[in-house]
Amino acid sequence: KKSSISCQGNHIKTSSKLVVFSTEQAGGGMLGLSSVKPGPDGQWTVSHISCHSELVSDMDFSPFDESLLATCSGDETVKLWRLRDPESAQPSEAELTLHPGHGKLELVLFHPTSSGLLAVGATNSPLVWDTSRQDAPLAVLEQHSDQLQSLSWKPDGSLLASSCKDKMLRVFDPRAQLTPIQVRAGLQNSKDSRILWAKDDLLLTTGFDMMRGREVRLWDSRKLSSSVSSASLGTANGLNYAVVSVTQGDTVVDCFEVSTSEPLLTQVSHCLTDAPTRGVCAVPKLDLDVMSCEVVRVLQLTDSHIVPISYQVPRKNSGHEFHADLYPDTVGATPAMSAGEWWQGGNKQMEKVSLNPDKRPKSQTTNQTAQDMARGCSTSSSPLSTPSSSAAPTRSPSSTSGLSSGFLPSPSPSQSAKTIQSLLGPSTKFRHIQGTVMHRDTHITNIRGLNLTTPGECDGFCANSKHVAVPLATSGGQIGVFERSKPGRQPDTNVPTFQNSVNVADLCWDPFDPHRLAVAGDDAKIRLWQVPEGGLVETLTEPDLILQGHTEKIYSIKFHPLASGLLVSSSYDLTVRLWNLDSGDQVKLLTGHEDQVFAMAWSPDGKLLATVCKDGKVRIYEPRKSATPVQEGPGPGGHRGARIVWVCEGKYLLVSGFNVQSERGLYLFSADSLSSGAVGNINVDVSPSILIPFYDPDTSVVILTGKGDTRVHIYEIVPESPYFVECSSFNTPEPHKGLAFLAKTECNVQDVEIAVALMLTKTTVEPVSFKVPRVKKEFFQDDVYPDTTICWEPALTAAAWLSGSNGEHKKMSLKPKDMIPVSEAPKEVPVKKYMPSSYYLEEKTDEQKKDELLSAMVAKLGNLDDPLPQEAFEGVDEDEWDD
């Protein structure tokens with residue numbers, strides 16, 4: 001598992017033999033290690049090496065030794081390691097340790113032409129170090145005024161460039177002076193940036209503009225007054241990497257071509273990846289599969305996999321010929337000089353070698369290596385199709401490593417269907433689910449004064465089969481109630497409302513009484529309102545019932561799923577209280593929370609209540625037996641909010657929350673062992689709003705979105721690894737304020753709808769349909785529609801439940817009487833569309849072919865003996881010719 005700890009350096013690096021990547025083990029002081037090629041068994045072994053006592057902030061392989069790795073860390077040391085094959089035990093001590101004495105170290109970079117020479121980036125100062133002299137650096141370059149963000153050597157080794165949080169670009173000639181020879185305010189934003197020396201005197205930078213949009217700029221290092229070319233990449237958070245343009249945490253990889261003539265900077269590929277990027281590195285040029293016209297290969301590090309992404313130029317004889325125009329001679333692996341020679345003014349350049357396999361020594365021919373590695377690569381042709389990538393977990397970690405990663409080998413013909421399925425990932429009938437906003441005639445429009453500042457624990461609005469309740473921003477905590485049976489434009493003024501008196505904290509409809517609305521307020525009271533038959537025609541100021549007991553503001557309220565007249569509430573007083581609405585009394589008081597209760601959820605059988613709390617715990621209560629939790633365990637690492645819901649027939653708990661990097665994610669917990677932590681999790685994206693889940697127990701599909709989002713995420717939850725199967729997402733043209741899902745009976749089974757929701761925008765409520773594409777829609781899709789629960793009828797009363805009784809919802813079929821289940825559909829008899837092969841193999845003479853052709857032509861012309869249509873016409877009367 002890749003480290004989620006942030007630093008300025010790289011999270012992954014590769015030589016022609018080995019790959020290293022950062023991990024979360026030992027506080028980030030341990031690196032994962034694997035090989036570029038698989039082992040004899042076709043699998044990759046992942047081992048680890050303990051490098052530093054604190055976070056490994058950067059790493060780099062020597063360009064002259066595929067096993068020599070330099071690392072730096074927050075423990076203020078630089079270490080050089082002689083790595084072994086992943087199958088062997090790794091060294092416990094570094095070959096060399098340097099102590100620069102300039103505080104925490106962020107960057108380390110080998111010199112491109114001289115052996116034993118390093119550039120080291122402290123927090124504010126670049127250092128140049130000869131590893132043969134351990135006592136002091138060769139040069140301590142001028143201190144930067146803020147955080148040093150990246151370093152890059154010029155390919156000929158003469159100059160060193162840096163980017164900094166102070167938005168300045170600097171170019172140093174370390175042998176001539178300690179101050180920069182060029183300095184320019186080239187970055188528009190102080191967020192993370194990267195700098196990379198391209199060809200000749202061109203510098204490439206990635207960063208953010210003043211509007212926090214990602215951008216790529218090209219500079220002439222001889223004159224940094226202004227960039228010579230630029231490109232915008234849209235908005236995103238995270239670090240930009242300038243091998244190809246990649247943003248940490250993003251699912252996009254952009255590839256650019258840099259030229260010395262116009263156009264100087266050209267985007268040639270836009271790759272969408274399956275998982276967010278945590279780091280990226282380029283494979284050495286000598287290891288490319290040149291016979292397949294591969295010009296670039298990068299390794300993408302995700303949360304749990306390493307994914308090769310290959311860029312190939314389409315050529316006619318690809319795979320058989322070497323295309324010399326694509327591959328000029330490149331630098332070899334022999335240093336041009338020592339660090340001492342370079343420091344004394346030497347400028348020797350490395351010898352170049354040909355990438356043509358026929359012109360390289362056999363021992364150096366890495367084409368087979370490249371082919372082995374590229375078996376699992378995603379590919380892209382330039383110019384240019386977009387590469388795709390896959391992150392199916394097929395790499396098995398060693399039994400002792402405790403780490404995981406995943407190159408993607410291609411299956412051999414002998415592999416079983418199960419193995420092929422594991423490579424393709426789990427299948428789901430809901431993968432291509434489609435979300436569609438229904439016709440405008442069904443919309444409720446012109447809603448004025450919508451309250452856009454409801455608390456994070458509130459879903460924003462609620463709806464049932466008859467009404468939609470929407471908090472309004474007008475004084476007195478008013479709630480607008482709109483009839484679903486009366487869509488269309490609402491009046492500009494005099495909209496009848498519930499006058500709640502105080503701001504609305506949460507609200508929900510009674511599942512067994514479609515006219516009763518429960519509203520929690522800032523004054524620690526819960527008010528029960530009743531909508532008259534026919535709808536609300538005037539503003540009501542007096543609720544039917546007020547529940548009092550909490551001492552501070554209420555977070556959220558939930559009705560019991562089986563028993564009528566039972567309501568549960570959570571509050572800032574850190575208690576959870578259960579109310580009997582028939583008597584208006586508090587009947588249970590649950591304790592044990594140490595901080596804010598983010599969300600609550602009843603189990604499907606109504607026996608248990610689950611909560612997720614800001615104190616980082618997930619708890620399960622059995623309210624009728626104990627006021628304290630019967631189970632608790634660790635929840636999501638972030639503290640920005642969460643939601644919880646029971647899934648998989650009540651065997652698991654799904655929590656949507658944030659990790660410590662504020663990334664939104666989903667966490668699955670076994671309801672039998674909360675103390676063991678999450679059995680599975682997946683990072684979704686980066687956004688400040690809480691993902692609000694809707695779970696459909698009939699299909700095990702969960703639909704999630706947040707307030708202010710434009711994307712609705714959809715997953716199928718399965719009770720075994722990988723637990724989360726991603727389906728197609730639904731995007732809205734503008735940010736919405738939330739979704740409220742309706743009962744299953746609202747679905748149109750003829751169109752294979754599996755869910756119907758109401759979407760709240762700034763001024764409208766719009767129905768949204770979620771459909772599964774099917775071919776035989778004339779049949780009832782009984783594999784998608786099992787019998788559904790009659791959730792609008794109570795199974796028992798509040799008094800019966802409190803006395804210890806349990807109930808169960810009745811079920812009903814959604815099949816219309818006039819539809820046949822697809823499982824009982826008659827089997828289609830295959831129609832023979834083609835003549836047997838013997839017909840085509842039969843030899844025909846030229847005369848036979850000529851006769852067949854003439855017969856076909858005559859058949860098209862029709863029977864010549866038939867009268868023509870005009871022959872049946874009668875003539876014109878003589879008098880019609882008269883004037």
Side-chain angles (χ1 to χ4, degrees), residues 13-16 60-68 70 108-120 126-133 137-139 141 150-162 170-177 180-182 195-204 218-223 242-243 257-261 264 281-288 290 295-296 322 324-357 359-361 363-366:
K13 273 288 185 176
T14 182
S15 67
S16 59
D60 193 28
F61 275 106
S62 168
F64 317 117
D65 188 335
E66 60 189 12
S67 300
L68 184 62
V108 64
L109 188 65
F110 274 102
H111 194 272
T113 64
S114 307
S115 61
L117 190 63
L118 289 172
V120 178
L127 315 175
V128 180
W129 207 296
D130 182 353
T131 56
S132 63
R133 297 172 50 187
L138 292 175
L141 303 180
S150 70
L151 293 171
S152 179
W153 285 106
K154 191 175 181 180
D156 64 7
S158 60
L159 303 176
L160 180 68
S162 71
R170 295 173 175 85
V171 177
F172 293 89
D173 185 349
R175 296 176 294 183
Q177 59 189 57
I181 60 174
Q182 287 278 339
I195 192 166
L196 179 69
W197 219 295
K199 57 174 61 178
D200 300 332
D201 293 299
L202 295 178
L203 277 169
L204 184 75
L218 197 64
W219 307 80
D220 187 338
S221 63
R222 297 165 297 184
K223 186 180 180 182
V243 178
E257 180 182 2
V258 178
S259 174
T260 54
S261 58
L264 301 176
C281 67
V283 172
K285 198 80 172 180
L286 293 171
D287 293 280
L288 297 178
V290 295
V295 292
V296 177
F322 175 76
D325 59 316
L326 296 179
Y327 302 103
D329 291 351
T330 189
V331 293
T334 304
M337 52 192 158
S338 66
E341 292 173 329
W342 177 84
W343 184 246
Q344 294 300 322
N347 285 313
K348 293 181 182 178
Q349 295 302 302
M350 296 172 59
E351 294 184 2
K352 293 194 174 184
V353 296
S354 172
L355 291 175
N356 189 338
K359 297 182 179 180
R360 294 166 61 187
S363 60
Q364 295 181 9
T365 302
T366 58

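Throughout, numbering of the chain's residues begins at 1 and tracks the sequence. Fair warning: this is a prediction, and the values are worked out from it, not measured in the lab.
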Item to check | Side-chain (Gln182) to main-chain (Arg222) donor-acceptor, under 3.5 angstrom | outcome: yes
Checklist entry - What closest approach, in Å, do Trp153 and Ala119 show between heavy atoms, and which atom pair accounts for it? => result NE1-CB, 3.5 Å
Item to check | Heavy-atom side-chain contact between Val128 and Pro137 under 4.5 Å | outcome: no
Checklist entry - So is Arg175 actually on top of Trp342's ring, under 6.0 Å and inside 45° of the axis? => result yes
Next on the checklist: Please evaluate residues Leu151 and Val120 with respect to the criterion side chain to side chain contact (heavy atoms under 4.5 Å, CB included), reporting the C-alpha separation (whole Å), side-chain torsions for both, the decisive distance (0.1 Å), and the verdict.
Outcome noted: CA-CA 9 Å; Leu151 293 171; Val120 178; over 6 Å; no
Checklist entry - Which pair of non-hydrogen atoms, one from Leu326 and one from Pro328, has the smallest distance, and what is that distance? => result O-CD, 3.5 Å
Checklist outcome for this item: On a heavy-atom basis, the closest approach of Lys154 and Ser158 is CD-OG, 3.8 Å
Item to check | Whether Trp219 side chain and Lys223 backbone form a donor-acceptor pair below 3.5 Å | outcome: no
Checklist entry - How many angstroms lie between CH2 in Trp343 and CZ in Arg133, if you round to the nearest 0.5 Å? => result 8.5 Å
Checklist entry - Are Tyr327 and Phe322 close enough that their ring centres sit under 6.0 Å apart? => result yes
Checklist entry - Could you give the distance from NE2 (His111) to OG (Ser338), rounded to the nearest 0.5 Å? => result 11.0 Å
Checklist entry - Is there a side chain to side chain contact (heavy atoms under 4.5 Å, CB included) between Leu203 and Ile195 once you walk through the steps? => result CA-CA 7 Å; Leu203 277 169; Ile195 192 166; 4.0 Å; yes
Checklist entry - Looking at OG1 of Thr14 and CG of Asp287, how far apart are the two atoms once the value is rounded to the nearest 0.5 Å? => result 7.5 Å
Next on the checklist: Between Gln349 and Ala336 (side chain of the first, backbone of the second, donor and acceptor by atom type, cut-off under 3.5 Å), is there such a pair?
Outcome noted: no
Next on the checklist: Strictly distance-based, threshold 3.5 Å: is any side-chain N or O of Ser221 a donor or acceptor partner for the main-chain N or O of Leu202?
Outcome noted: no
Checklist entry - Do you know the tightest heavy-atom contact between Val295 and Lys285? => result O-NZ, 3.4 Å
Item to check | Heavy-atom pair with the smallest gap, counting every atom of Ser16 and Pro284 | outcome: N-CG, 3.8 Å
Item to check | Flag, side chain of Thr113 to backbone of Gly157, donor-acceptor distance under 3.5 Å | outcome: no
Item to check | Verdict with reasoning, Leu355 to Asp329, per side chain to side chain contact (heavy atoms under 4.5 Å, CB included) | outcome: CA-CA 6 Å; Leu355 291 175; Asp329 291 351; over 6 Å; no
Item to check | Minimum heavy-atom distance between Gly332 and Val353, given as atom pair plus value | outcome: CA-CG2, 4.0 Å
Checklist outcome for this item: Value for CZ (Phe110) from CG (Leu118), rounded to nearest 0.5 Å, stands at 5.0 Å
Next on the checklist: For the backbone of Leu159 and the side chain of Asp173, can you confirm whether one donor and one acceptor N or O come within less than 3.5 Å of each other?
Outcome noted: no
Next on the checklist: Would you say that Leu288 contacts Val296 through its side chain, given a criterion of any heavy-atom pair below 4.5 Å between the two side chains?
Outcome noted: no
Item to check | Asn356 side chain to Ser354 side chain, donor-acceptor N/O pair below 3.5 angstrom | outcome: no
Checklist entry - How far does CG of Leu141 sit from CZ of Arg170, to the nearest 0.5 angstrom? => result 11.0 Å
Checklist entry - Ser15 side chain to Glu66 main-chain N or O, any donor-acceptor pair under 3.5 Å? => result yes
Checklist outcome for this item: CG (Leu160) and CG (Leu109) are apart, to the nearest 0.5 Å, by 7.5 Å
Next on the checklist: One pair to check against side chain to side chain contact (heavy atoms under 4.5 Å, CB included): Phe61 and Leu68. What are the steps and the verdict?
Outcome noted: CA-CA 6 Å; Phe61 275 106; Leu68 184 62; over 6 Å; no
Item to check | Main-chain N/O of Trp197 paired with Ser152 side-chain donor or acceptor, under 3.5 Å | outcome: yes
